[in-house]
Every structure is written in structure tokens, then in C-alpha cells.
Amino acid sequence: MTETHQQTTDGATASPALALLAGLNPAQREAVEHLEGPLLIVAGPGSGKTRVITHRIAYLVRIVGVSPHRVCAVTFTNKAAKEMRERLARLLGPDLSGRLTAGTFHALCARILRRDGAAIGLSRDFVIYDTDDQQAVLKRAFEAEDVDPKRFAVGAVRAAISRAKAQLIGVEAFGNQAASPYDHVVHRVYARYQAMLVQSQAVDFDDLLYKTYLLFHDHPEVLARYQERYLHLLVDEFQDTNVVQYALARQLAGKYQNICVVGDPDQAIYSWRHADVRNILNFQRDFPAAKTVRLETNYRSTPYLLQAAQGVIVANRQRIEKALVPAKSGGVPVVVTEAYNEEEEAQWVVREVDRLRRDEGFRYSDCAVLYRVNAQSRPFEEACLRYGIPYKLVGALRFYQRKEVKDAIAYLRLALNPADEVSLARVLSVPPRGIGQKTADELVRWARSQGCSTAEAIHRVAGSLTPNAAPYNGAAERGEGKGERSVDAAGEIPVPRTARAALARFSELLREMTKAAIKLTPLEVLDLVLERVGYKEFLLKQPADGAQDGEERWDNVQELRALASESSDLPPPEGLATFLERVALVSDQDNLDEAKEGLTLITLHQAKGLEFRSVFLVGMEEGLLPHTRSMDSPEELEEERRLCYVGMTRAEERLYLVRAFRRHMAGGSSASLPSRFLRDVPVEAMTQPGALARTTPQEPRLTRRERAALAGEGRPAEPLPDKPALRPGDHVRHEKFGEGVVASFQPSGSDHEVTVAFDQNGVKRLLYSVAPLEKL
DNA sequence: CTTGAAGCTAATGCC
DNA sequence: TAGCTTCAAG
């Protein structure tokens, strides 16, 4: 099959091949046509990378005649994969493209482990633990190893373990090379942590990759099957792969060497996820036959924008020189401007977006606001609501991170895999059912001593109670006054009397769920659980803290139900497993709805790979970009610079670099300095400083009521007056009543009712928003 | 012993 | 701002 493509110059096959290559520049053409052996594509931003990859795949399938089944394209996000599939569907038709493998390393590995993980002792129903779950397991591991979480930060240890796995360092190897006392502690925790994962039949994100690597390493026959299956391997965003991902790619391509990697060292922004740019250098070492193609023409951005971006990136020392040759001409310079604070910044941007739409033929969806941290999105949301501009917020409060969503998912996981300790611990007391921390601790301890799961321990406790207890309605609880601990064959069960009935009920719930998991659809299981535990009632009586009230939380659960129903067409056990896997591997940016009309609000990291006619890069301040936490290491600073470069190069026609003079940090607001990256934008590439620098006067802040009204939800506005909240005891002055002392300050509808004892005029109740009160 | 509320502290990025 | 720990009440 590898030779057929040589015939494309023949008359019969030439025309489709030529049609496929038409419109590509020589470098792109070469990247598409060079099908034999390893290929490294070093590509700048906007160089038509995705086009090259999709055309290459189309070439393989249509011209060479490779079965799409045998092509595996690994991209960085599910979204990129989806985009690739859509492009391929257009090039190849849905039938052929539907059979291609295109996804993230994580998704690919999950599938492989689901299928062949048994070879390394993995249960088919393994759960995937996310970062929060890892943290929960680690806390327990700390406890079991008697490590003080105050002396050793759980997060830091998690990062160390994660890094180890990303670099193919297993527990044993870690122990062997542990140098410091700290390393030895981490080693102990690492070992315990892995044991706990095994117990829970769980793998974390890093394990997905690492265990697949081990599977291939220890079972050449399994690897051989996948080598035959994936004859052609493509890796996009190669600069962001880590050691284990690259190792996997090498394993898969080990036999046929048909590997094509595409990357841009200047866009490496994931070193904190252990990405290693050196993979690009190692590639040439590991595949000496590799051909290198450079794509340096930029089709995306106008010369002004490229000049500006280039000015920023060339200041990096650790860098492979690469040109950016603009294909476009004309355009307008970069606009650099300053606002007073983050609200004005948002307001200025949103007005400018509106102006672009009215005067210059842009649509809202042509524009994007890019920022360093998610917390920056809020003022922009508010400004959009105020000006009635539709917006698309990409993953600020990630849907799957919401408490209520995680709770519901934990129940589902537990239904499929009762050994899942993290999920069990999560739902044991949600909603509260009379089982508290003490009982939970005792159960876990006892389960460990018995060598069984906590769920099993609960069943045993419940079982030891049921003989003298009728179906859990009172009789049992009253009858067991004398002994304070129940006893079974294995010895003492240390369960406080108060929790026994609750445990029996919970045991019964677990059994029902397990039964449901094997014969019902994900949606049915979910509904059963929600109904059974009274989850809706639980949410609705939750206090509306901060921005979320019970209704909204329940809405989120409804959204999860909708997602569950999408996985409900598969036969029962697989349906639930598939759903849970999707939930674990999907990220919020994957459902960025391109069809929807609206301004995009997105982090710089998430913006990678996207493009917009107009980009507003906001928060161009020291401490944000570059971020404070990156400022003490030169390497991390260079990464911040690349991040800035990535942001700037998302723009096709307009680029705005915006900063706020003051910004709220921790409670208070403080002055900020302009980002050092601004200094590196060549003056010729920007509008004259000062021309647009003065911002519009600020309008009054939106009250909650206005916000709610603008959001069109009609839900009661939450109490957050623009004046500072009052507390009992505060001294105030009223225009008419004079001075007095605040007696109480309470929410009342959308407002606050404040009761004041005036020195001269007695006690008055006032509506806070309209009362001419001044705090003294 | 469990629960709910109040107070405190620390704050990127994401599969 | 939220997540956590501490504290007081049932």
C-alpha cells in the first residue's frame, strides 16, 4: 500500500490527486505528499496546519487507498478532533471519515485499556479519576502513611506523582532515584496512592497514558495488534506532548514508521502539564530518516499583527529561529489601550465590539476576548449583559466541576463500580442522611482491616443488623439498646448506634443502584438515584449562596440528564460506562458552539488553535500576563511570552492589547504595571500611543436586580447592593433622620431592609437601595 | 455524633 | 471568591 501513491502522476489517478493538492503552496504540498516514513512539520501559526493534516489524510485514503480504519490522528483536544472530523467529512464523505480514529491521547488510551487492559490486571469497569478525585485519594494516602498535609502540600505531591508518571517513572523507579527526604515521603505516598487506585479500580489521567505504555511495553503481542491497526499515525500540536505521549507514539509507529508530527515550538504552552518541547529535537534523533518540512507562510494575520507578535516572541532566548511570512497585505495597526479598572476595560472592549459590528461589518462571533485566568471573564459577562451583546463563555465554571453535577456523577460511578472509594465518600452524606464523618472514618478503617471495600463493609454492617431488624422502619433501632456495637463473625464492627439505621438504608440503596446499573440506561439509573435520595428537594432547600441558587443547581442536573440521555442508546452496562467515560474525558471547551452568534470569552490556553477576525487580549499587566506565579523562573517567563504570542496570533484582522490601571486582587484593588510584553511590540505596528488611550467615563455598576433582568431570567435578584453592606452596630447618617446605629440588615426580596436606631428620631425601617444613608 | 453556620485563608492554565 | 476548618447547637 505504501507504493500506490507513486502512481498519482499517471493519467487515471492524477486528476483527483491534483485536485486535492490544488491551492497548496510548495511546502504544504510536500507535507501532504511525503507519505513514506517519518515526517516532522514545523509550522508557524496560521500556516494552514490543519488543512495540511486533513489533506494528508484525504490523500492517504482517497489516492493511496489506505482504509480510514487504519489511520489514527491524535490531536490535543476533543474539539480539535471534532473539527478535523468535520473537515474530513467534507473531503471524504461521512462514510469514510466516520471510520477514522481522531481524538486525544487520553481518549485513545481509555479505549485501548477498556479493551485490552485485562492483560495488565485492569478491570473493564475502571473509573477515571480527575484531579479532584486524585486529591481526595491522596488525602487518604497521607493519612494512611501518617504524613502531615500541613508539612507536605497535597497539591505539590500530586504534581510530583503526575510528573513522575508523565516521565515514565513508576513507583519503584521513583524510590530508586529518590534523593531528598522529601522524595522519600513522596515515594511512600506514591506507592500507597497507587495501591488505593487499584482498590478502587480506578486510574487517573496520567495512568491512562502510563498504563497504556506499560501494556504495550509488557505485552508486545498487544502492541503488535495496534501497530497493524494504525498504519498511519499523525500527531498534532506535537510541541505540547509529554514524554509518555511521545513514547506511545513511538511504540505505535515503531514498526512501519509512518508517523507525521506537527508542531510549533513557539506555541508550547503546556509545560506545566509536563509537555516537553525537546520531543521535537528527539524526534529527529529517534527517527533519523525523518524529513522536516517548514511551513512559514502565514495565511491568517495581516502584516501589522505578525510584526507585533514577532516582536514579542523574538525576545525569547530558548528558541529555534523561525520566519513568519505574511500572505496577506494591508490591515490596521495593533491598538494598545488602557482602562481605569477591569469594569471599564470590559466596557471599553464590549463597546468596541459593538462598534466593529455596526460600522465595520464584523459579527459578534468574529470577535473574541482572550484572557489569562478564568476569573477575568466576569466583568465581560456583565458588560455583555448590560449592552445586550450575546456572548459565548468557554468553560469558566466548568460544568463537570459543579458540586451538584459531581454528586450525581459520583452516584452513577458507584452504581457501576461499588469499589470506587472516592465516589462513595462523596455521596455518603449527600444529601445528609445521618452518617457523619466519624462513622465514615470508622467504616473505612474497619473495611481496611477486613480487606474489603467500604461499600462491602456497609453491607456487612447492615447484614449483621437485619436478622433482628425488620425492614428498617423503627423496630430495629429501638430493639438494639444494650450493646453499643454490633458484632459479626469477623469481629467488632465499630458503628455508632445513631448511624445504624441510616447505614442499613444506604446499603439497600447501593444494592438497588447496582441492580439498576446492569439493566437500565444511564438516564434511568440517574433518575432512579435522584428520586431515591430526594436530590431535587435537597438542592432546592440549599441556601442561595453567591451566584447559585437551588433552582439553578437543579437546572444543571437537568442538563446532565440531557447528556445522559444521549448515551442511552447503548445496551445497559456499556451505556453507563460510555457515559461516564465521556464525562471524564470531555472538557468544556469541546462544546464551544461555533454556530451560535456571540462574542467569545476564552482563556489563552483554550484559544490555541482557534482564530478570530478580531481579538481583544485583555489584562496586559504584570502579574496577570506574565502571571505572578511564573515570574520567578526564566523558563516559565518564556512560556508566558509564548502564551502572549499564541493570543496575538489568533487575530486575523484586528488586535487590541488592553490593560486596566487598577484591578481587584484579594479583596482590595491595587494599581498595576503594564505588561513587559507591551514593550516588545514594535512602535510601527501599533496606533500612536495616546490616540485611543483615553477611555470613556464609567457608568454606574450594575445591580444584581438589573443583572438578573438583563439575563432575562426573571429570577429574584440577589442581595448585593452597590453600597457596602451594613452590619449591626455600624454608625450611619441619614439625610433626614440624622445619625444613628444600625440594628439589623437583612435581605428582603431583591433588596435589603435596614433597621436603624436614630439618635433623634427613633427606630426606622428603611429600604436600603433607596435610603439616603451614608456609612460613617 | 451530625449538621449548619461563621470565620479564615489563599487564589493559573486543562485532559 | 470559594473552599475549608472551626464552632456551636440539636
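None of the values given here were measured: they were computed from a predicted structure.
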When you check the side-chain N and O atoms of N556(A) and E552(A), is any donor under 3.5 Å from an acceptor? no

Can you tell me if N374(A) touches the phosphate of dT1(C), counting only side-chain N or O atoms and a distance under 4.0 Å to OP1 or OP2? no

Closest to side chain of W272(A), choosing from dT12(B), dC14(B), dT3(B): dC14(B)

Please name all residues satisfying side-chain contact (heavy atoms from CB on, under 4.5 Å) with V243(A), sequence neighbours left out, ordered by chain then number. Q167(A), L168(A), D276(A)

Return the stacking result for dG13(B) and Y270(A): yes when the ring centres lie under 5.5 Å apart and the planes under 30°, no otherwise. no

Of the options dC14(B), dC15(B), dT2(B), whose atoms approach the side-chain atoms of H605(A) most closely? dC14(B)

With sequence neighbours excluded, residues passing side-chain contact (heavy atoms from CB on, under 4.5 Å) with A346(A): P379(A), F380(A), A383(A)

Is H627(A) stacked on the base of dT12(B), with ring centres under 5.5 Å apart and planes under 30° apart? yes

Salt bridge (Lys or Arg N to Asp or Glu O under 4.0 Å) with D133(A): which residues, sequence neighbours excluded? K406(A), R413(A)

With a cut-off of 3.5 Å and sequence neighbours excluded, list every side-chain donor-acceptor pair involving residues 622-630 of chain A.
| residue | atom | partner | partner atom | Å |
| --- | --- | --- | --- | --- |
| E622(A) | OE1 | R676(A) | NE | 3.2 |
| E622(A) | OE1 | R676(A) | NH2 | 2.6 |
| E622(A) | OE2 | R676(A) | N | 2.8 |
| E622(A) | OE2 | R676(A) | NE | 3.0 |
| H627(A) | ND1 | R629(A) | N | 3.1 |
| T628(A) | OG1 | G623(A) | O | 3.0 |
| S630(A) | OG | E640(A) | OE2 | 3.0 |

Listed by chain and number, what are the side-chain hydrogen bond (donor to acceptor under 3.5 Å, both in side chains) partners of Q267(A), not counting sequence neighbours? D264(A), R650(A)

What pairs of nitrogen or oxygen atoms, one from the protein and one from nucleotides 6-10 of chain C, lie under 3.5 Å apart?
none

Can you check whether Q437(A) has a side-chain N or O nearer than 4.0 Å to OP1 or OP2 of dT2(B)? no

Reckon T131(A) touches a base, only the sugar-phosphate, or nothing at all at heavy-atom distances under 4.0 Å? base

Would you say dC14(B) has OP1 or OP2 under 4.0 Å from some side-chain N or O of T77(A)? no

I want to verify a distance call: between dG4(B), dC15(B), dC14(B), whose nearest atom is closest to the T603(A) side chain? dC14(B)

